[in-house]
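Just so we're on the same page: letters track the sequence lines, and every chain starts at 1.
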Amino acid sequence: MTNATDQQANTPNYKKTLNLPKTSFPMKANLVQNEPASLKRWDALKTDGSDNKGLYHAMQATAEGRKKFIFHDGPPYANGSIHLGHLMNKTLKDLVVRSKFMAGYHCPYIPGWDCHGLPIEHKVMTNLVESGKAAKLETLTDDQRRTAVRRECKTYADKQIKLQAGQMKRLMTLADYEDPYLTFLPKFEAGVLEVLAGLCEQGLVYKALKPVHWSVANETALADAELEYQDREDLSVYVDFEATDAAAVFNAFGIQEADHPGATPSFMIWTTTPWTLPANLAIAVHEKFNYALVRVDGNLTVMACDAVERVTTLAKSEEVETLATTTGDKLVGLSYTHPLIANAPTPINDPDADTSNCYSIVHADYVTLEDGSGLVHTAPGHGSDDYITGLRVGLPVYCPVLGDGTYDTTAPDWLIGMSIWDANQLVADRLTESGHMFHAYKFNHSYPHDWRSKTPVIFRCTEQWFVAVDQPTKRDGNSLRDMAMKSTGDDRSVHYVPAWGRNRMRGMLESRPDWCISRQRSWGLPIPAFTLPTGDAFMTAASVTAVNIIIREKGSDAWFADEPSSLLEHYNPATDPDAPAELKDGSVTFDQLTKGQDILDVWFESGSSWNAVMRQRSSGENFPIDLYLEGSDQHRGWFQLSLLPSLGVMGRPPFRTLLTHGFMVDKDGKKLSKSAGAALKDLFDRYGVDVLRWWVSSLAYENDVKVDEEFFKLAGDSYRKIRNTLKFMLSNLNDYEAPANPDFSKFHVHSIDAWVLGEYNTLIEKVTNAYETYAFHEAQKLIYKFCNTTLSSEYLSAVKDRLYCDAPDSERRRATQQTLHTLTDGLCKLIAPVMCHTADEAYRALHKVEPKEPTTCVHLTGFPSKVNLETATAWPLLWESIEKIMKAAEDTRAKSDIDNPLDLGVKLPDPDDTFKWFNAEDLADICGVSRFELTKDDKIEITDLREQPRCDRSWKRDTTVKPRSDGGTLSARDAQALGLD
RNA sequence: GGGCCUGUAGCUCAGUUGGCUAGAGCGCACCGCUGAUAACGGUGAGGUCGACAGUUCGAGUCUGUCCAGGCCCA
């Protein structure tokens, strides 16, 4: 039973004579209610001399004059509530902002939002249609309609930004939320156009007809980043294209035409897009591959040797006979007849195109033997590879498909005006009827889809603006790719965390095509290009710069509202070396120009933020930027698309360090479904933000991160451990007044206080290092282990006796309190970047701050500095022995009826006097036993002290315990504490 | 199909240039304390290191193939 009932009736109750822990710091955190109170208190923080209020500005004011750390926020898209992905991304960023401040840097942080673009425009258009307002728009002029849509989009974006900013603030992220960067603000737009002008100046911007991914649903070109791959069932066809000259084919195979009188060999192609067949202009083979002339059920056809069995089996052909084989190079130059079209068509926008090279066999490297027949249908207007081949062999860029996905008037009559999706079957039927279809079947494959409308995307030739990747810059002749390869290669100008980011970037840069920067939408930054009466485009560095003066002043709406002559008010062709001749000589005036209709790819905007935000707001000072931190998808996205413009304009990467984190996956490691995962707000309300942040800080974020309800619960458990350790320390400092400058010079090197302060010094060093290298989980682990093991299980359990039982003012107790105070203060500072609320709550409790007192805040301090004192070097050895002692003691208790460790004594062999200078009472307290002796024996001995008297107050058994004048049985220390003899 | 990455106890992670019986925390089981108490302390049980093959005296670590998963691309 309890020790209290053990006592004799006349023994005093000593409990009330102890210095028991006491604090107002509650065990229960109640984060959901208390965090908003902290936020409110921080919001009210005001530092002298500034109009700005709030913790962020107070920190900036505090850090004024320090070494700067420039960190740049990648803009999330302004749509919808923030989700689990934002939780990790924004928290990690905040850990950087806060830890850099605590480490002594000045780290300003401007949050941003990506506001333009299709998702918002699509949403707004949907709303307009549903509300019936869209019909009204139809009555307006183009410019008016677009201006109206843009107004709606801006209102929508503003609302989303407010929503997200509120949630980010609740996440306790620190940033300049009063002055964020928004991509639709005139000053941002102007910063983007500066970059465009810079690229024009380097000769990297051009307009060209090129096949691009085209969304039929939205009638716009799409960026790579706007594609999603989904499985789709398509009609897959093997089609025979008859050779024009049968003799030439037989000749290529080295056999006589006479042996096959009247036979017309065909070339067999394979495609999953029959609708592109009308645009076929060539068939590609690989020069090195072997091709066979095969008789299949009576017909002669050419296909790759490796494809014969596969293809004929697929088509269930009955008689298959290979007549001869040859290599691809022998086939190059042969011609064929298009099965659907008599004469090669001329493109609608290029009536003078040379069609003389059409309908022949050409070579291409990308021909493979895995799929199809080894002969590749080539339509330069509908494929990237095809386009390049077409350029090489002199084919026109023919694309008979309009923006809405229907055929134009150059297509065969029976296709004109028809949707390409409907044409698939019709083309197949025609080919079957005419006997050209060898085999048709349904085929499931991964196919690119428009990320927004989820509809399949096609390749279509359109006039688009491009940034050239391989064009030499005028500055030094290095192309963007040259520079990009260098920055991801050996020059180490960019530091990658984790290191494999370098290879990943490099791989993507090696193969990336020219960047299509134009879109055919309204909600975006217009490309300030004009069309001359000749139909040629006009956009030069000087013209962009001139228009930009207007945009900076009025915003990009001016492009739609103003006439070319006023937009070009500040432009002088005479001083522009790149100006078109007709403008220079005055034969064409500004009034005769028409404004371009394209807007910029949103990635070009966010990819220019290094200029539009960082350089612009610091007069160029904050460049290059120390750190970009985003998910690993941004290697292709924002990182790469920031790198390229910066290389073009500035000649160097915009960032020094690129840090990437992985993606959230479910508890089985599978991709998180869009609907999965609780709303973040729900998590705020159930666990509290400190717990969520504590969880984020524990993540090995460079890999995929599993997320599950259970993990938040576990994080809550470990949060409580930290909280309880803080509470216990605070509760033992209730009667302690900390000196302004604690003096540790009198601490004995062998004392337990010196030991724990040594551990604390190590902790400071390791944790600040971990923060420095963004190894937050390392910091988190160290802090957790320190609280749990070093403090709770080792130090605090050892010093409990002296804290409780020593006279309140005793030197030993005060020394321990001084230690505790230092540890608590430092711990609050070390956890401050993570548990923002709890750290400040504990810090204010430690410093006994009145609840209403607004200015004391752990977040305005810094990481603790090390305590200046020595620690005995034998401690590690001693701890090894202590571990053995604990096991031995546990053994003894298990084998006997001794339950209480205080009924035990310990004898530790110390033949070499290694531990001679340690204090026996300290060691007994560490082991949780009553007595500790060093011996010259060779074995640890655990002794039973139950025969000896026990102190009624401290429950220890030591040699000084005896009856005292108050009727109790006490040790000398306890008697002295009570002022007894 | 290609590029980059991941796969170590039930869970989350450490494991340096290949080198003793593979570590930690959580969780779990058992014990103690009841003067940190919706706390605290102690002890313990858990792993053929995704699979297979290879290099080596020796492989969680290096190589290859395969399987599973993620991001990006085709």
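- Here the separation of B:U16 from B:G23, taken at their P atoms, is 14 Å to the nearest Å.
- The pair A:K887-A:E883 counts as a salt bridge, with a side-chain nitrogen and a carboxylate oxygen less than 4.0 angstrom apart.
- Looking at residues two or more places apart in sequence or on another chain, you find a side chain to side chain donor-acceptor pair (under 3.5 Å) between A:D974 and A:R953, A:S954, A:S971.
- When both pairing distances are held under 3.5 Å, B:A51 makes a Watson-Crick or G-U pair with B:U65.
- Regarding A:M485, its CE atom lies at a distance of 15 Å from the P atom of B:G3, rounded to whole Å.
- Counting heavy atoms from C-beta on, the side chains of A:L644 and A:L509 come closer than 4.5 Å.
- Spacing of C1' atoms, B:A9 relative to B:G60, comes out at 14 Å, to the nearest Å.
- Note on A:K706: a side-chain N or O is less than 4.0 Å away from OP1 or OP2 of B:U12.
- The partner of B:C4 is B:G70, by the rule that a Watson-Crick or G-U pair needs both atom distances under 3.5 Å.
- Looking at the side chain of A:R504, the nearest of the listed nucleotides B:C5, B:A14, B:G3 is B:G3.
- Using a 4.0 Å heavy-atom cutoff across all strands shown, A:S731 reaches no nucleic acid atom at all.
- Taking the salt bridge (Lys or Arg N to Asp or Glu O under 4.0 Å) definition, one finds that A:R502 meets it with nothing, sequence neighbours left out.
- Between A:L641 and A:R636, the shortest heavy-atom distance links the atoms CG-O, 3.9 Å.
- B:A22 and B:U48: their C1' atoms are spaced 12 Å apart (whole Å).
- Using atom P as the reference point in both B:G41 and B:C26, the two lie 10 Å apart (nearest Å).
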B/S/- along nucleotides 39-46 of chain B (protein heavy atoms under 4.0 Å) is SSSBSS--
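- Within the 4.5 Å cutoff, the side chain of A:T389 has no heavy atoms near those of the A:P380 side chain.
- Comparing the same atom, C1', in B:C11 and in B:C20 gives a spacing of 29 Å after rounding to whole Å.
- Within the 4.5 Å cutoff, side-chain heavy atoms of A:L726 are placed close to those of A:T824.
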Side chains of residues 664-672 of chain A: which donor-acceptor partners sit under 3.5 Å, not counting sequence neighbours?
{"from": "A:D666", "atom 1": "OD1", "to": "A:D668", "atom 2": "N", "distance (Å)": "2.8"}
{"from": "A:D666", "atom 1": "OD1", "to": "A:G669", "atom 2": "N", "distance (Å)": "3.1"}
{"from": "A:D666", "atom 1": "OD1", "to": "A:K670", "atom 2": "N", "distance (Å)": "2.9"}

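- Across the strands present, B:C11 finds its partner in B:G25; the criterion is a Watson-Crick or G-U wobble pair with both atom distances under 3.5 angstrom.
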Protein-nucleic acid N or O pairs under 3.5 Å, nucleotides 66-69 of chain B:
{"from": "B:G69", "atom 1": "O2'", "to": "A:G669", "atom 2": "O", "distance (Å)": "2.4"}

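- You'll find the side chain of A:L827 reaches within 4.5 Å of the side chain of A:F786, heavy atoms only.
- For the pair A:L820 CG and B:A36 P, the computed distance is 14 Å after rounding to whole Å.
- Identified under the salt bridge (charged side-chain N to carboxylate O under 4.0 Å, His left out) test for residues 776-797 of chain A, with sequence neighbours left out: none.
- Nucleotide B:C13 holds its P atom 19 Å from the NZ atom of A:K785, rounded to whole Å.
- Regarding the sugar-base torsion, B:G47 falls in the anti class, its angle being beyond 90° of 0.
- If you find the closest nucleotide of RNA chain B to A:W500 and to A:C805, the one lying nearer the 5' end belongs to A:W500.
- Comparing B:C13, B:G70, B:U34 by their closest approach to the side chain of A:W955 singles out B:U34.
- Spacing between atom NZ of A:K956 and atom C1' of B:C33 amounts to 16 Å, rounded to whole angstrom units.
- A:L714 comes within contact range of the sugar-phosphate backbone alone, with a heavy-atom separation under 4.0 Å but no base atom that close.
- Between the side chains of A:W515 and A:D601, at least one donor N or O sits under 3.5 Å from an acceptor N or O.
- Atom name C1', nucleotides B:C49 and B:A59: the rounded distance is 11 Å, in whole Å.
- A straight line from NZ of A:K667 to P of B:C26 spans 23 Å, rounded to a whole angstrom.
- Distance from the side chain of A:D633 is smallest to B:C72 among B:C26, B:C72, B:A36.
- Nucleotides B:U12 and B:C72 have their C1' atoms positioned 27 Å apart, rounded to a whole Å.
- Separating the CG atom of A:L699 from the P atom of B:U6 is a distance of 17 Å, rounded to the nearest angstrom.
- Under the Watson-Crick or G-U wobble criterion, with both distances below 3.5 Å, B:A38 is left unpaired in every strand shown.
- In summary, A:K956 and A:E921 do not engage in a salt bridge, as defined by a charged side-chain N under 4.0 Å from a carboxylate O.
- Partner assigned to B:G60 is none, using Watson-Crick or G-U wobble distances below 3.5 angstrom.
- Spacing of C1' atoms, B:G42 relative to B:U56, comes out at 44 Å, to the nearest Å.
- Atom NZ of A:K727 and atom C1' of B:A38 are 11 Å apart (whole Å).
- Where A:D801 and A:A700 meet RNA chain B, the nucleotide closest to each residue was compared, and A:A700 sits on the side nearer the 5' end.
- Look at A:K15 and you'll find a side-chain N or O under 4.0 angstrom from OP1 or OP2 of B:G35.
- Rounding to whole angstrom units, CG of residue A:D717 and P of B:C11 are separated by 18 Å.
- For A:Y804, a side-chain nitrogen or oxygen approaches OP1 or OP2 of B:A36 to under 4.0 Å.
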